[in-house]
Every structure is written in C-alpha cells, then in structure tokens.
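Note sheet for the following structure.
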2 protein chains.
Amino acid sequence: MTARTRLPGGAAETRGRATRTALLDAAEQLFAERGYAGASLRAITEAAAANLGAVNYHFGSKEGLLWAVISRRVSPVNRERLRLLAECRRAADGGPPDVEAVLRAFVTPVFALRAGGGVNSFVRLAGRMYSEPLPQLPKLHARLFGEVTGLFLDALSEALPGLSRKELWWQLQLVIGTFLHPLLAGPRLAEFTERMCLLDDMDAVADRMIRFAAGGLRAAQAREGAGRARGDGVRKR
Amino acid sequence: MTARTRLPGGAAETRGRATRTALLDAAEQLFAERGYAGASLRAITEAAAANLGAVNYHFGSKEGLLWAVISRRVSPVNRERLRLLAECRRAADGGPPDVEAVLRAFVTPVFALRAGGGVNSFVRLAGRMYSEPLPQLPKLHARLFGEVTGLFLDALSEALPGLSRKELWWQLQLVIGTFLHPLLAGPRLAEFTERMCLLDDMDAVADRMIRFAAGGLRAAQAREGAGRARGDGVRKR
DNA sequence: CTTGCAGTCATACGTTCGTATGATTCTACC
DNA sequence: GGTAGAATCATACGAACGTATGACTGCAAG
C-alpha cells in the first residue's frame with residue numbers, strides 16, 4: 001500500500017508502468033464515452049486487461065485516476081500551444097499577431113492528440129470536464145490551463161484591439177464552444193441529424209473551425225467599435 | 001400498474017399531475033447538473049418530495065423519465081422557432097432572410113426557457129444529450145429536432161448563397177457549439193478560468209452569440225467563394 | 001355507505017458500484 | 001539462490017443503484 005514514490009528502477013518499474021498506461025488509456029476512452037459516473041472501474045480495468053484493484057493501487061481512487069488521465073495530456077498540449085504562439089509572434093515581427101494564426105496555435109495541439117484518424121478520446125473528455133459535477137474539477141482545470149489561456153487572451157487582445165478584457169473572455173468561450181462541440185459529439189453527430197457527415201478529414205474540420213471562429217471574433221470587434229460609436233458604421237480599426 | 005391512459009377527470013388527476021410535474025422539474029435539473037448516470041432516482045424523487053416508486057409508476061423507468069423531460073420542452077421550442085423563422089421570411093419579403101435574424105430565431109426560444117435570471121436546466125441537459133451514451137438518444141433527437149433543423153438549414157442556405165448543403169451542416173454544428181458551450185458550462189465557467197464573469201445579462205449573452213455566429217458564417221461563405229475561385233478574392237455571388 | 005382505482009408509500013430484491021484486504025507472483029539486487 | 005518489495009490477484013464488504021411488489025390512502029361515482 002506504500003512505496004509508490006520510491007522507484008528502484010529496472011524492469012520491475014516497466015511492468016507497473018505498462019498497466020499504468022493501459023489503465024490511463026482505457027480510462028481516457030471510457031470516461032470520454034460514458035462520463036465519469038458512467039464509466040465503472042470494472043469496465044475500465046477489464047478494458048485495460050488489468051485487475052480491479054490496480055486502479056486503487058496505482059492511483060489511489062477513481063478520482064485519482066481521472067486527475068492522472070487529464071494531467072497526462074495537459075503538458076504536451078500546453079507546450080505545443082506555447083510553441084506555436086511564440087511562432088505567431090515571431091511571424092508578426094513585433095506587430096499584432098494574426099487572428100487565424102493564434103486560433104490555429106490554440107486548436108492544433110488538441111487535434112494532434114487524435115489517434116488513428118478518429119477524434120481522440122481526450123478531446124471529448126476535456127469537453128466533458130466543463131460539465132462534470134466533481135467539486136475539485138474547476139480548481140484543477142484552472143491550475144492546468146489557466147496560465148496558458150491567459151497568454152492566449154493576451155495575444156487575442158493584441159490581435160483584436162478595441163475589445164475589452166471581459167469581452168475577450170466571453171469571445172474565447174464562444175471560440176472554445178466552436179471547437180468543442182463538433183469534437184465532443186464526434187462520431188455520433190451524424191446520427192442526430194440523420195445525415196452522413198463523417199469526421200473524415202480532420203484538417204478540413206480544423207480549418208473550418210478556425211475560419212469560423214476568426215470571423216466571429218472580427219464581427220465582435222466590429223460591433224464593439226460600432227457600439228461605442230453609436231451606430232457610426234464600421235470603425236476605422 | 002395499468003390504466004394510466006384512462007383518465008376519469010377531476011381532482012384525482014390533478015394530484016397525479018402535480019407529482020408528475022415535480023418529478024420532471026427535479027429530473028431536468030439533476031440530469032443537467034450530474035448527467036444521466038450521475039443523477040439517481042433517489043436523489044430525483046427526494047428533490048421532488050415524491051416517493052421512490054413514483055418514477056416507475058408515472059414514467060415506467062429512468063429512461064422513460066428522461067424521454068419525458070426532453071419531450072416536454074421540445075414542442076414549445078420548436079413552435080417558437082418556426083414562428084420566429086416565419087417572421088424572418090416575412091420581413092425579408094421574398095428575398096433571402098437576414099443571417100442574424102435566422103440565428104436569433106434559432107437561439108431565442110431556448111433562452112426563453114431560462115427561469116429566474118439563471119440558465120435554465122434544460123439547456124444544459126440538451127447540451128449533454130449530444131454526448132450521453134444512451135443508444136436510443138440520437139434517434140429521439142433526430143425525431144424531435146430533425147425537421148425544424150432542416151428548415152433552418154434551408155433558411156441559412158438562402159441567407160448564405162454559395163455554401164453547399166454539407167458545408168452548411170458543418171457550419172450549423174459550429175453555431176450550435178457557439179450557443180451550447182457557454183450555456184452548458186454555465187455558472188461554473190468563471191471558476192474554470194479564475195475570473196468573475198457571471199451570466200448576469202442573458203440578453204447581452206444572446207446578442208454576443210448571434211453576432212459571433214453570424215460573423216463565423218459570413219467568413220465561411222467568403223472562404224467558400226474564394227476557395228472555388230482559387231484565390232480570386234471575394235466571389236461575385 | 002360502499003365500491004373502484006389512481007396514486008402513494010414502505011419495503012425488499014438482485015445487481016453493481018468503489019474500496020479494502022490478504023495472499024500470491026514476479027523481479028531486481030545482494 | 002534467497003530475499004525484499006513492487007505489483008497482481010481473487011475476494012469480500014457496505015453502500016447505493018434501478019426496479020418490483022403489495023398494502024395503503026384519498027377521492028369520485030353508484
């Protein structure tokens with residue numbers, strides 16, 4: 001029940017890591033498909049070909065497993081997001097960064113998580129996290145994503161001058177919704193509307209999202225300007 | 001266990017209707033907050049001040065309760081959506097309807113469901129329905145919303161000429177995401193980003209969404225035109 | 001007053017849940 | 001090659017789940 005921290009190194013660690021990873025993979029998929037309450041540890045351990053007790057041994061509890069599932073993906077996404085954001089700034093050469101480029105830096109790392117041509121489970125899980133009723137979840141989410149999100153707000157603030165900070169925060173929520181819903185609903189979307197529209201070409205989907213979100217942001221900017229000038233028409237910029 | 005269909009009329013019916021409504025209200029809220037699997041019948045019946053057996057008596061099963069919760073709200077929303085859409089067409093006077101007006105007709109009836117200044121539970125529930133793993137759900141969703149959604153796709157098709165049917169379907173998903181995410185995450189959104197941004201002024205929120213979505217749609221239209229003309233700039237139309 | 005039921009209630013059944021426990025297996029190191 | 005300890009395993013526990021059952025209650029009609 002102890003000594004999970006002290007690692008002697010060697011093959012013994014490898015065996016533990018293997019089931020650890022299998023558990024994380026299975027949990028990621030099942031949490032995404034069925035939600036936290038809907039995915040039982042028995043279903044997860046069975047999918048991972050592991051023993052029922054393995055979850056409590058490796059992660060302490062079901063909640064601990066969920067935190068581990070989330071945390072595992074966050075660092076790579078954050079790192080890649082920041083890398084692409086820095087690239088935006090370099091391309092802008094001191095000036096305001098391009099809106100589309102900032103949005104692309106925001107969404108591309110998440111798309112990169114997909115596996116095998118389909119939508120990655122983590123995206124759907126991340127979408128669920130906004131509505132799962134676990135009390136500690138918002139705090140964790142803020143700790144994991146808060147800083148990077150703030151930097152993207154900064155970038156959008158420069159790319160879209162004239163929008164207040166509060167307004168930008170709202171716009172970012174709309175952007176997130178744009179990205180999240182199609183990926184969260186994912187493969188089942190077509191069923192809901194009785195149409196065959198598969199998520200076959202993910203690059204095209206990402207392009208669509210970015211274009212749409214950029215158009216939405218620019219419309220908000222135009223409105224904010226027009227609103228302040230009281231119907232004076234399009235603001236100079 | 002039988003004879004729920006034959007109603008003798010009078011006060012006996014009233015008593016049953018009261019608990020029925022209380023159960024629907026409580027279930028709507030708890031399904032929205034905790035999801036289908038996370039909301040137990042014991043929690044629902046307790047919140048409704050009803051007996052545990054009342055759910056199975058009135059709705060047959062937990063799933064039956066969910067279908068009833070959903071169905072109750074759909075007719076008013078659909079009716080109001082169609083009314084506002086017809087108003088759009090009348091205002092357009094035979095010409096293509098206004099994009100913002102169509103979007104407003106789409107989203108306003110949902111906002112109207114809110115109660116007491118907050119976000120109504122049904123909106124969050126409707127958002128959850130896209131990802132809940134119940135097998136029969138997509139079929140129900142298509143049956144309840146499919147026809148009206150198709151009519152809105154028609155209207156958008158006229159309002160945004162040049163976009164293919166498949167492309168429009170995708171754009172509508174982005175629009176739905178724009179509307180859904182802020183409402184689904186709802187009161188907890190501020191916690192996630194450590195910022196105080198309350199859903200205080202719902203009319204302003206709706207305006208923001210509509211403006212954003214309209215901007216996104218117009219950007220998609222511009223891109224489709226430019227894409228077909230291979231960088232020729234804005235298409236004539 | 002009595003009879004018929006829609007509706008309510010307490011209660012119980014079988015299942016599944018998350019978690020805990022103790023024995024057992026496997027592997028790295030002396 | 002024997003031993004410590006990381007890891008796995010079968011198993012059990014109490015709680016909570018959805019559902020079913022039968023007695024009970026209250027009201028309307030005969």
Side-chain angles (χ1 to χ4, degrees), chain A residues 1-24 26-27 30-31 33-69 132-136, chain B residues 1-24 26-27 30-31 33-69 132-136:
Chain A
M1 202 220 249
T2 73
R4 284 199 297 282
T5 56
R6 182 161 41 98
L7 293 176
E13 182 204 358
T14 313
R15 187 166 57 120
R17 280 295 172 96
T19 67
R20 239 186 94 97
T21 303
L23 284 173
L24 288 173
L30 287 172
F31 281 150
E33 284 179 4
R34 311 181 189 178
Y36 178 76
S40 72
L41 291 185
R42 284 172 173 81
I44 292 171
T45 51
E46 188 183 358
N51 188 268
L52 173 59
V55 168
N56 275 273
Y57 177 79
H58 284 286
F59 304 100
S61 68
K62 190 184 181 182
E63 273 201 25
L65 174 60
L66 177 62
W67 306 150
V69 167
E132 288 283 358
L134 298 166
Q136 307 189 41
Chain B
M1 205 223 246
T2 73
R4 284 200 296 282
T5 55
R6 183 157 41 99
L7 295 175
E13 182 204 358
T14 314
R15 188 165 58 118
R17 279 294 172 97
T19 66
R20 237 186 96 97
T21 303
L23 284 172
L24 288 172
L30 287 173
F31 281 151
E33 283 178 4
R34 312 182 189 177
Y36 179 76
S40 71
L41 291 186
R42 282 170 174 82
I44 291 171
T45 51
E46 188 183 359
N51 188 268
L52 174 60
V55 168
N56 275 271
Y57 177 78
H58 286 285
F59 305 100
S61 68
K62 190 184 182 183
E63 273 202 25
L65 175 59
L66 178 63
W67 303 151
V69 168
E132 288 284 356
L134 298 166
Q136 306 189 42

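First the proteins, then the strands, lettered A, B, ... as listed; each starts at 1.
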V55(A) vs N51(B), nearer the 5' end of DNA chain C by closest nucleotide: N51(B)
Along DNA chain D (nearest heavy atom to each residue), the more 5'-positioned of L52(B) and A54(A): A54(A)
Of R42(A) and A49(A), the one whose closest DNA chain D nucleotide lies more 5': A49(A)
Sugar-phosphate only, base, or nothing, as touched by A43(A) at under 4.0 Å among non-hydrogen atoms: nothing
Could you give the [atom1]-to-[atom2] distance, from [X] to [N], as a whole number of Å?
{"X": "I44(B)", "N": "dC17(D)", "atom1": "CD1", "atom2": "C1'", "result": "12 Å"}
{"X": "F59(A)", "N": "dA7(D)", "atom1": "CZ", "atom2": "P", "result": "11 Å"}
{"X": "E63(A)", "N": "dC17(C)", "atom1": "CD", "atom2": "P", "result": "18 Å"}
{"X": "N56(B)", "N": "dT19(D)", "atom1": "CG", "atom2": "P", "result": "5 Å"}
{"X": "E46(B)", "N": "dA10(C)", "atom1": "CD", "atom2": "C1'", "result": "15 Å"}
{"X": "K62(B)", "N": "dT16(C)", "atom1": "NZ", "atom2": "C1'", "result": "13 Å"}
{"X": "Y57(A)", "N": "dT25(C)", "atom1": "OH", "atom2": "C1'", "result": "13 Å"}

OP1 or OP2 of dT16(C) under 4.0 Å from side-chain N/O of S40(A): no
Nucleotide nearest S61(B) (side chain, heavy atoms from C-beta), chosen from dT19(D), dA7(D), dA10(C): dT19(D)
Closest nucleotide among dG7(C), dG18(C), dT19(D) to the L41(A) side chain: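 Out of dG7(C), dG18(C), dT19(D), the nucleotide with an atom closest to L41(A)'s side chain is dG18(C).
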Contacts table for residues 35-42 of chain A: side-chain donor-acceptor under 3.5 angstrom, sequence neighbours left out:
| from | atom 1 | to | atom 2 | distance (Å) |
| --- | --- | --- | --- | --- |
| Y36(A) | OH | E63(A) | N | 3.3 |
| S40(A) | OG | A43(A) | N | 3.1 |

L24(B) versus L65(B), closest heavy-atom pair with distance: CD2-CD1, 4.2 Å
